[in-house]
Amino acid sequence: MSESHTRSGGSARLNTGVAHNARVWNYWVGGKDNYEVDQQVGEHVAGMFPIIREIALADRWFLGRAVRFLAEEQGIRQFLDIGTGLPTVENTHEIAQRIAPDSRIVYVDNDPIVLVHARTLLTSTSEGVTDYIDADVHDPDAILERAAETLDFSKPVAVMMLGILNFVLDGDEARSIARRVMAAVPPGSHLALTHPTFDADLGGEGQIPAMKFWNENATPPVTARSREDIASFFDGLHLLEPGLVSCSQWRAEPDTPAAVPQFGAVAVKR
């Protein structure tokens with residue numbers, strides 16, 4: 001039988017009076033799980049930085065490509081998706097279990113609205129398992145302890161950290177979180193990560209004023225980082241081809257959209 005259950009870690013109450021990243025991101029990708037304040041802030045940010053919708057869509061595209069690559073080509077059957085955001089279509093478990101029905105997926109987020117929608121994430125094949133943990137990325141030990149109830153950490157795990165470490169403002173702490181999580185999984189495990197950049201070669205300098213507006217008018221606060229800083233999250237891991245690139249260009253296909261100022265990569269622990 002499949003296992004589907006939600007456990008609450010005591011997230012703050014849902015605040016619909018302040019724009020929240022999960023809901024604004026949902027608005028940018030055409031979802032319906034957002035409020036007027038999210039739409040207003042989303043439109044203002046898009047006015048300052050018009051490519052933001054393309055970034056959101058490219059990040060979602062990267063998720064699909066990465067999960068398919070990990071399941072089909074790397075044989076991964078366990079996924080720890082930290083900072084999953086609001087469910088839309090083609091979520092991690094849907095892609096992974098379509099390829100390998102026995103895949104086990106643990107989603108992690110601490111946004112109250114994601115918790116409300118967790119039941120959508122907790123559908124599973126009869127052969128596989130999905131679970132949702134209400135936990136904060138700043139507390140990796142709690143995430144690992146609870147994920148170990150569903151995942152077998154003696155076997156490879158794909159850690160998905162898409163657009164999450166940009167909400168950890170301190171760079172040393174962000175690196176520490178990535179290293180702590182990857183230290184807990186065995187060789188053969190992978191890290192898939194995306195992160196916004198302000199690097200000019202990808203047109204990222206426009207993110208600086210947009211993020212300043214965001215941090216003054218929405219939650220949680222966010223930061224962009226340089227290629228070098230983002231690359232440091234993969235220290236001790238082996239980057240797989242094509243390396244650290246714009247997430248829209250990762251394993252590019254003929255109809256791949258233009259490069260966006262959001263880096264993406266997949267690395268393996270050897």
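In this text the structure is predicted, and so the values were computed from the model without any measurement.
In this structure, the ring of His93 has its center less than 6.0 angstrom from the ring center of Tyr107. Taking the six-membered ring where the residue is Trp, the centroids of Phe49 and Trp214 are separated by 6.0 Å or more.
Listed for the Asp81 side chain is no donor-acceptor partner under 3.5 Å among the backbone atoms of Thr92.
With values rounded to the nearest 0.5 angstrom, Leu162 atom CG is found 9.5 Å from Thr84 atom OG1. Note: Gln78 CD to Leu151 CG = 5.0 Å, rounded to the nearest 0.5 Å.
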Inset, instruction - Given side chain to side chain contact (heavy atoms under 4.5 Å, CB included), test Ile143 with Val181 step by step and report yes or no. - result: CA-CA 9 Å; Ile143 292 172; Val181 173; 5.9 Å; no
Inset, instruction - Could you give me the CA-CA distance, side-chain angles and deciding distance for Asp59 and Trp25, then say whether side chain to side chain contact (heavy atoms under 4.5 Å, CB included) is met? - result: CA-CA 11 Å; Asp59 193 83; Trp25 201 260; 3.9 Å; yes
Legend entry - Check against side chain to side chain contact (heavy atoms under 4.5 Å, CB included), Phe263 and Thr194: CA-CA 5 Å; Phe263 280 113; Thr194 62; over 6 Å; no
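Residues His195 and Gln262 bring no donor and acceptor atom of their side chains to less than 3.5 Å of each other. Between the side chains of Ser124 and Gln97, at least one donor N or O sits under 3.5 Å from an acceptor N or O. Between Gln39 and Glu43, the side chains place no donor N or O within less than 3.5 Å of an acceptor N or O (distance only, hydrogens not considered). With hydrogens and angles left out, the side-chain atoms of Asp199 and Ser226 include no donor and acceptor closer than 3.5 Å. With no hydrogens or angles considered, no side-chain donor-acceptor pair links Asp134 and Asn110 at under 3.5 Å.
Under a 4.0 Å N-O distance rule, the pair Arg98/Glu72 does not qualify as a salt bridge. At a threshold of 4.0 Å, the pair Arg179-Asp235 counts as salt-bridged, since one of the basic side-chain nitrogens sits closer than that to a carboxylate oxygen.
Applying the salt bridge (Lys or Arg N to Asp or Glu O under 4.0 Å) criterion to Glu216, with sequence neighbours excluded, gives Lys212.
The only option from Asp38, Asn34, Asp33 that meets the side-chain hydrogen bond (donor to acceptor under 3.5 Å, both in side chains) definition with Arg23 turns out to be Asp38.
In this structure, Ile208 shares a hydrophobic cluster with Phe198, the cluster being traced through Ile, Leu, Val, Met, Phe, Trp and Tyr side chains under 4.5 angstrom apart.
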